[in-house]
Amino acid sequence: MPLHLYNTLSGQIEELTPRTGRPLGIYACGPTVYDYGHIGNFRTFVHVDILRRFLKLQGTPLRHVMNITDVDDKIMTRSAAAGQSIDQYTAKYKTAFLEDLSALGIEQPEFLARATEHIPQMVGLIEKLVERGCAYRGENGSYYFRIASFPGYGKLSKKDLGGMEDGARVDVDEYDKDSARDFALWKAAKPGEFHWDTSLGPGRPGWHIECSAMATEYLGEDFDLHTGGEDLMFPHHENEIAQSESASGKTFARHWMHIRFLLVEGKKMSKSLGNFYTLRDLLLRGYKASAIRFLLTSVPYHNQLNFTFDGLTESTNAVERLRSFAARLHKGGFPAGRNISLFEATERAGRDFIAALEDDLNTAEARAAIFELVRLANSHADRHELQTENVPPILDVLARFDAVFAVLENRDDAVTRLALDWAAKENRLNEAAPELVAGYALSAEAIDRLIEERNAARKARDFARADAIRKDLAEKGIVLEDSPGGVRWRRK
RNA sequence: GGCGCGGUACCCAAGUGGUAAGGGAGAGGUCUGCAAAACCUUUAUGCGUCGGUUCGAUCCCGACCCGCGCCUCCA
């Protein structure tokens, strides 16, 4: 069964399949690089990644494009204030964004499209709209899209145009629009302002036009799926549809997927509420990248997720449990043969996992299928009923799980170390948890030396000394685990 | 005001017209110099309230209460 996804446009769950003979075309609304990405941004990108990875697991060829908006009003204001060109200003955040994607195990799409590298395509599209009478030039030199020319306006967000005219606000800068609802395609430059010189006159693109132009550039005038946060539904995506369909006469994206916002401690994340966190904030507090990723997938994309620090701790433990299970399987030592009931349960778990994701990417149910298998296999192993031939199929299910969820491989220490390096470079180490800084200041060799010292103390039955060493390391976030095979350490 | 979503155990959370997945936490246990880790077992006669439909509702319908999101830059 192929993937079935809720389609905002139709209000129904529909099968998502590419047009015959072509890879599935996905346009994903990406970040505006004016600052570091926050966890709300990454909830969206992680779920698009889940979609992407699941499609790949199913063998669907993909052509996935994500835009990077590297010119907009906020960027202009901030770069000017910093005395930098917009390129200089955005370069840092573009890089940071890509690092953050990698930290969270988010795969890069086939194409990353930067707005500033597609100005000609945008100008071309605007000219086409002018020719078709859907756009006009205002007195100040800006170009606007005439909403009245597009009867389908509102079909995505289910808005009634008539009712919206009332009380619509008119931007003082945009007094020359024919209708208050018309939106800017091209913003004429004010004297001294950064601009491109084009056939439309000096200026910069409006926000919506970049997505229409770049989606068309990479995916054609009609394509399969367009994704984004729920807030983008209106006006951004509605405007994209109006522009694109007016220019091409074709249906723009057939399928629209909107990821719901996450809440933080029950409220919408905002700087004024003090519940605003970037990924880097969380890493510096000592939370692991894998736990953050896992928490972001704990609730299906179509439901609100309430992000809490308790939840982060829970996710840390849940990921640990999965990793311990995988390690137990790899360690082996099972009796020969095959346990039939466990074998069947394994197959069932694999099927349930896939079926859950096929059903509108129900990540919660998919995870439940895996945890059920973990519990069952562990209890079989405890009774010596997990046998050698049970191992490969279970590992296979885990591999499929991880092809989508990507949390089993432990890259957490490396990611945290990068975050600390970044903080040091940015002079922000004071924002990091002190024990984290202390712990990472210890080299692996130094830790090993302390462990040897403790082992010697234990052998001499000097448990006071041994416990003191463990306690000291624990205060630096380093946990020692004694086991028959020796002492292992890990960062908490 | 318009549009929409949700209220399920201590916390998070999935789900179904036929009697409640999963995770975390707590408790008990195995193990252990101590500890940690790991693993096992266990925890909702009930799914916001009140009506209705039904042989039967947490799931369908209606009303109400509560929380939240979008409608403006926002993922």
Side-chain angles (χ1 to χ4, degrees), chain A residues 8 11 28-32 34-35 37-48 72-74 154 157-160 163-164 166-169 171 207 227-236 238 258-263 266-271 276 294-296 298-308 310-325 327-328 331 352 356 359 362-375 377-383 458-459 461-464 466-467 470-471 474 479-484 487-490 492:
Chain A
T8 308
C29 272
T32 301
Y34 63 88
D35 207 339
H38 60 250
I39 52 173
N41 295 315
F42 291 114
R43 150 108 145 145
T44 297
F45 300 132
V46 164
H47 278 282
V48 173
D72 85 326
D73 289 358
K74 204 175 278 182
S157 54
K158 318 283 186 273
K159 288 204 183 303
D160 176 7
M164 291 194 307
D166 304 328
R169 294 192 301 184
D171 188 323
W207 174 33
T227 68
E230 63 170 324
D231 59 311
L232 298 183
M233 208 163 88
F234 184 88
H236 183 53
E238 202 70 72
H258 289 100
I259 292 96
R260 287 206 74 178
F261 268 171
L262 66 68
L263 268 32
K267 291 271 184 256
K268 182 173 168 174
M269 184 168 62
S270 74
K271 286 187 174 158
F276 184 96
F294 206 51
L295 177 57
L296 292 176
S298 63
V299 177
Y301 80 92
H302 207 246
N303 295 359
Q304 254 172 4
L305 163 72
N306 187 15
F307 188 98
T308 63
D310 285 349
L312 218 33
T313 304
E314 288 171 15
S315 293
T316 308
N317 295 337
V319 169
E320 265 314 307
R321 175 143 185 241
L322 293 171
R323 288 178 179 170
S324 299
F325 176 65
R328 184 179 194 179
K331 197 174 164 203
D352 289 350
D359 181 13
N362 192 332
T363 46
E365 219 170 69
R367 289 161 47 139
I370 297 305
F371 277 107
E372 205 157 341
L373 175 62
V374 169
R375 197 195 65 243
N378 268 326
S379 63
H380 273 76
D382 282 5
R383 294 191 306 267
R458 289 174 74 204
K459 215 166 253 169
R461 304 199 68 80
D462 180 0
F463 295 122
D467 290 351
R470 175 159 61 199
K471 187 161 174 263
V479 182
L480 300 188
E481 293 171 12
D482 298 335
S483 77
V487 181
R488 275 198 311 266
W489 67 271
R490 62 186 175 86
K492 201 176 161 208

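Here is how names work: the chains are called A, B, and so on, in the same order as the sequence lines, proteins then strands, and each is numbered from 1.
Within the shown strands, nothing qualifies as a pairing partner of B:A20 under the Watson-Crick or G-U definition with both distances less than 3.5 Å. Across all strands shown, the partner of B:C3 is B:G69, judged by Watson-Crick or G-U wobble contacts whose two distances both fall under 3.5 Å. If you check B:G51 for Watson-Crick or wobble pairing at under 3.5 angstrom, you find it paired to B:C61. Across all strands shown, the partner of B:A25 is B:U43, judged by Watson-Crick or G-U wobble contacts whose two distances both fall under 3.5 Å. Judged by Watson-Crick or G-U wobble contacts below 3.5 Å, the nucleotide B:A38 has B:U30 as its partner.
Contacts of A:Gly311 with the nucleic acid, taken as non-hydrogen atoms under 4.0 Å apart, are absent. Residue-level contact check: A:His38 touches the bases, meaning some heavy atom is under 4.0 Å from a base atom. Backbone-only contact: A:Asn303 has heavy atoms under 4.0 Å from sugar-phosphate atoms and none from a base. In this structure, A:Lys267 reaches the sugar-phosphate backbone alone: every heavy-atom distance under 4.0 Å involves primed, P, OP1 or OP2 atoms, never a base. Nucleic acid contact for A:Pro300: sugar-phosphate only, since backbone atoms but no base atoms lie under 4.0 Å from a heavy atom of the residue. Nucleic acid contact class of A:Gly266 (heavy atoms, under 4.0 Å, all strands): sugar-phosphate only. A:Leu232 comes within 4.0 angstrom of sugar-phosphate atoms only, judged by non-hydrogen atoms across all strands, and of no base. Heavy atoms of A:Ile39 sit nowhere under 4.0 angstrom from any nucleic acid atom.
One atom, CG of A:Leu262, and another, P of B:A13, lie 12 Å apart when rounded to the nearest Å. Taking atom CE on A:Met269 and atom C1' on B:A75, their separation rounds to 8 Å, with Å as the unit. To the nearest angstrom, C1' of B:A75 lies 12 Å from NZ of A:Lys74. Rounded to an integer number of Å, the gap from CG of A:Asn362 to P of B:G22 is 15 Å. In this structure, A:Met233 atom CE and B:C3 atom C1' are separated by 8 Å, rounded to whole Å. Straight-line distance from the NE2 atom of A:His236 to the C1' atom of B:U72: 15 Å, rounded to whole Å.
Salt bridge A:Lys268/A:Asp231: absent, no basic N to carboxylate O contact under 4.0 Å.
Within the 4.0 Å cut-off from OP1 or OP2 of B:G2, not a single side-chain nitrogen or oxygen of A:Lys159 is found. The side chain of A:Asn306 places no N or O atom within less than 4.0 Å of a non-bridging phosphate oxygen (OP1 or OP2) of B:C12.
Taking a centre distance below 5.5 Å and an interplanar angle below 30 degrees as the stacking criterion, A:Phe42 does not stack against the six-membered base ring of B:A75.
Side-chain proximity of A:Phe261 to B:A21, B:C34, B:A75: nearest is B:A75. The side chain of A:Lys268 lies closest to B:C70 when the candidates are B:C70, B:C34, B:A21.
Within the 4.5 Å cutoff, the side chain of A:Val299 has no heavy atoms near those of the A:Asn306 side chain.
Toward the 5′ end of RNA chain B lies the nearest nucleotide of A:Thr308, the other residue of the pair A:Thr308 and A:Glu314 mapping further downstream.
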* Structure fact -> Each nucleotide of nucleotides 35-41 of chain B classed B (base within 4.0 Å of a protein heavy atom), S (only sugar-phosphate) or -, in 5' to 3' order, makes BBSSSSS

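For A:His258, the side chain to side chain donor-acceptor pair (under 3.5 Å) partners at least two apart in sequence or on another chain are A:Thr8, A:His237.
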